[in-house]
Amino acid sequence: MAEIIRSVKGTRDFYPENMAVRRWIFDKIREISTLFGYEEYEGPCLEFIDLYAAKSGEELVKEQAFVFSTPGDDLLTLRPELTPTLARMVAQQQYNLVYPLRWWSIGPFWRYEKPQRGRTREFYQWNIDLIGTKAIAADAEIVTIAAMFLKEIGFSPEQVRVYVNNRRLMDRAFSELSIQNELKPTVFRMVDRMEKMRVNEWHVYATDGGLSKEQADGLLKLVENDLLWHDSPELVELFKLIEIYGVADYVEFNPKVFRGLDYYTGTVFEAFETGGKSRSILGGGRYDNLVAAVGGDPLPGVGFAMGDVVIELALRDAEAIPEGLGDQAQVLVTVFDDERVSESLRLATEIRNAGYRVVFYPEADKLGKQFRFADKLGIPIVVVLGPDEIETGSVALKHLKTREQVTVKREMLLDQLGKFLLS
RNA sequence: GUGCCUGUAGCUCAAUGGUGGAGCGCCUCACUGUGGAUGAGGAGGUCGUGGGUUCGACCCCCAUCAGGCACCCCA
């Protein structure tokens, strides 16, 4: 065999088995999104690099995006995220849209990263946003959608948790510790790293980073305070609504959650696995100035994004992926010998016309081989039409899972099929 | 972008510097209209790639590519 040209680094091949899992996840996403009345949309995969330069940090475009120039000397990028596209689409039609706007999308994205477990260069991302209202009920709805999805896809509250915080609350708390505004982004990162370091290590790290000893101690105390949210009217309201939505056991206050993005202004949240891995599954928050960043008038919004790679890993670890996904054929119609090909084909067509998914074995191989074929493909029912059956106007059906085999008159075929498929 | 680890049959992995193996899978056959079992055969490898050291390299050295882990980053 000649050498096979390899696939592009960081991309994935979706063989039918993988595709069935992806389909299942995507269907669940659609189900939850539309359940709350969100409309599906999609943007282009290619955008001018300027769109990201307007909003995102330097690093994103310079180091983590696929950027290339066209023969016409345009600088384009394969989209690394959807939010700027969303902002652009909203800005372009700003006064033709009906608010509050509820939109969702799922599509491919690219980031030039070093691939490793849970991180690829090409991935799919679910985006869902509620734009045009500052009401805290909107934040609650978005958080609920995240929690509901995790619940419906099969996670228990013990396995995953949506951690919620509020930037305004933390901002105030930082001010009370006399942390200057310029230092706040750094402090965000410091808090983010608390989980990964020992207390002593962190203390050194924090004071090296410009905090006084008292400020570092104050921060440590701050993030241990599980009741801090009582100081935020927004969070109090949010948790009240979450209760009513019925997903309170999936949602929890966590002062350590900040999110990396600068544009979040209020509610921020991130869903994690609760086990040892504690990978980040999805994240989002409220942004009040996104549309303005691409040239529109200011418009508040709240939303989140979820990548397909980590969610699938987490689902696998949680053993939450069901068996038998995919749309395997339900019936295999065998071919007894060369003289009876058309008779079998007629039968296959008849069954297919009744709405069943039917595979027709294309040649008169040994029956054993045809049965083995059905077995390997997971086709549950095999139909045999041999000389005996044809002579008596009947047909033989075998259910491979139960090993039950019956011979029925041809007019009873569909009845019997229905019975088999129920068992 | 940085560091560490790993690349041997389709898959999972063996093999003191001295002619590369196993299990599973795959194909064929038997059980003579019927799958998972059993038995008997069979195919399949320039040992990731390219250099180097050596009388001789899967084994040692260098580079490169790919994968994994930890950083960095996380839109």
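As the structure is a computational prediction, the values presented were derived from the model and not from experiment.
- For B/G39, the paired base is B/C29 (Watson-Crick or G-U wobble, both distances below 3.5 Å).
- In this model, a side-chain donor or acceptor of A/R119 finds a partner on the base of B/C74 within 3.5 Å.
- Each of B/U34, B/G35, B/G68 was ranked by its minimum atom distance to the side chain of A/A396; first place goes to B/U34.
- At a cut-off of 3.5 angstrom, counting only N and O atoms as typed in the model, there is no donor on one side facing an acceptor on the other between the side-chain of A/R340 and the base of B/G33.
- With respect to A/R22 and A/D308, no salt bridge is recorded, no charged nitrogen being found less than 4.0 Å from a carboxylate O.
- For the pair A/M190 CE and B/C72 P, the interatomic distance rounds to 14 Å; values are reported in whole Å.
- By the 30° and 60° cut-offs, the orientation of the rings of A/F253 relative to A/F239 is perpendicular.
- Of the nucleotides present, none pairs with B/G44 by Watson-Crick or G-U wobble criteria with both distances under 3.5 Å.
- For the C1' atoms, the distance linking B/G48 with B/C24 amounts to 23 Å, nearest Å.
- For A/K366 and B/U28, the shortest distance from a side-chain N or O to OP1 or OP2 is not below 4.0 Å.
- Residue A/V384 is in base contact, counting any heavy-atom pair closer than 4.0 Å across all strands shown.
- A/A216 approaches A/A206 most closely through the heavy-atom pair CB-CB, 4.3 Å.
- Comparing B/C71, B/U28, B/U34 against the side chain of A/Q116 picks out B/C71 as the nearest.
- Of the candidates B/A30, B/C73, B/U28, B/C73 carries the atom nearest the A/Q64 side chain, counting heavy atoms from C-beta on.
- RNA chain B is contacted by both A/K114 and A/H399; A/K114 maps to the nucleotide lying nearer its 5′ end (nearest heavy atom per residue).
- For A/W110 and B/C73, the CH2 to P distance is 26 Å, given to the nearest whole Å.
- With a 6.0 Å radius and a threshold of 12 heavy atoms from other residues, nucleotides or ligands, A/F68 has its CZ atom above the threshold.
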### Task
Show the numbers, then the answer: is there a side-chain hydrogen bond (donor to acceptor under 3.5 Å, both in side chains) between A/Y38 and A/E141?
CA-CA 11 Å; A/Y38 286 66; A/E141 178 172 307; 2.6 Å; yes

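- Which of B/U28, B/C26, B/G35 sits closest to the side chain of A/K369 comes down to B/U28.
- Rounded to a whole angstrom, the distance from the C1' atom of B/C60 to that of B/U16 is 13 Å.
- B/G18 is paired with B/C55 under the Watson-Crick or G-U wobble criterion, all donor-acceptor distances under 3.5 Å.
- A donor-acceptor contact under 3.5 Å links the side chain of A/K398 to the base of B/G35.
- Rounded to a whole Å, the CD atom of A/E113 is 12 Å from the P atom of B/C73.
- Look at the P atom in both B/G44 and B/U34: the space between them is 30 Å, to the nearest Å.
- With both ends at atom P, the span from B/G23 to B/G56 equals 35 Å, rounded to whole Å.
- Minimum atom distance to the side chain of A/R111 is reached by B/C74, of the listed B/C74, B/G3, B/U34.
- B/U12 and B/G7 are spaced 12 Å apart, taking the P atom of each and rounding to whole Å.
- Remark: P of B/G67 and CZ of A/R12 are 13 Å apart, rounded to the nearest angstrom.
- B/G25 and B/G10 have their C1' atoms separated by 7 Å, given to the nearest Å.
- Summarising the geometry, the separation between CG on A/L397 and P on B/G35 is reported as 17 Å, rounded to the nearest angstrom.
- At whole-Å resolution of the value, CD in A/E17 and C1' in B/C11 are 13 Å apart.
- Side-chain nitrogen and oxygen atoms of A/K9 include none within less than 4.0 Å of the OP1 or OP2 phosphate oxygen of B/G68.
- Residue A/R121 comes nearest to A/K9 through the heavy atom pair CD-O, 3.5 Å, listed as atom of the first residue, atom of the second, then distance.
- Base-pair partner of B/A70: B/U2 (Watson-Crick or G-U wobble, both distances under 3.5 Å).
- A/E389 comes within 4.0 angstrom of a base, heavy atoms only.
- Taking a cutoff of 4.0 Å between a charged side-chain nitrogen and a carboxylate oxygen, A/E389 and A/R410 do not qualify as a salt bridge.
- Side-chain proximity of A/D388 to the nucleotides B/G67, B/U34, B/G33 is greatest for B/G33.
- Annotation: B/G20 and B/A9 have their P atoms spaced 15 Å apart (nearest Å).
- Atoms CZ (A/R403) and P (B/U34) sit 15 Å apart, rounded to a whole Å.
- One cannot find a donor-acceptor pair under 3.5 Å joining the base of B/G35 and the side-chain atoms of A/Q405.
- In this structure, A/D375 places its CG atom 5 Å from C1' of B/G35, rounding to the nearest Å.
- Rounded to the nearest 0.5 Å, atoms CG (A/L219) and CD (A/Q215) are 7.5 Å apart.
- A gap of 5 Å separates the C1' atoms of B/C58 and B/C47, to the nearest Å.
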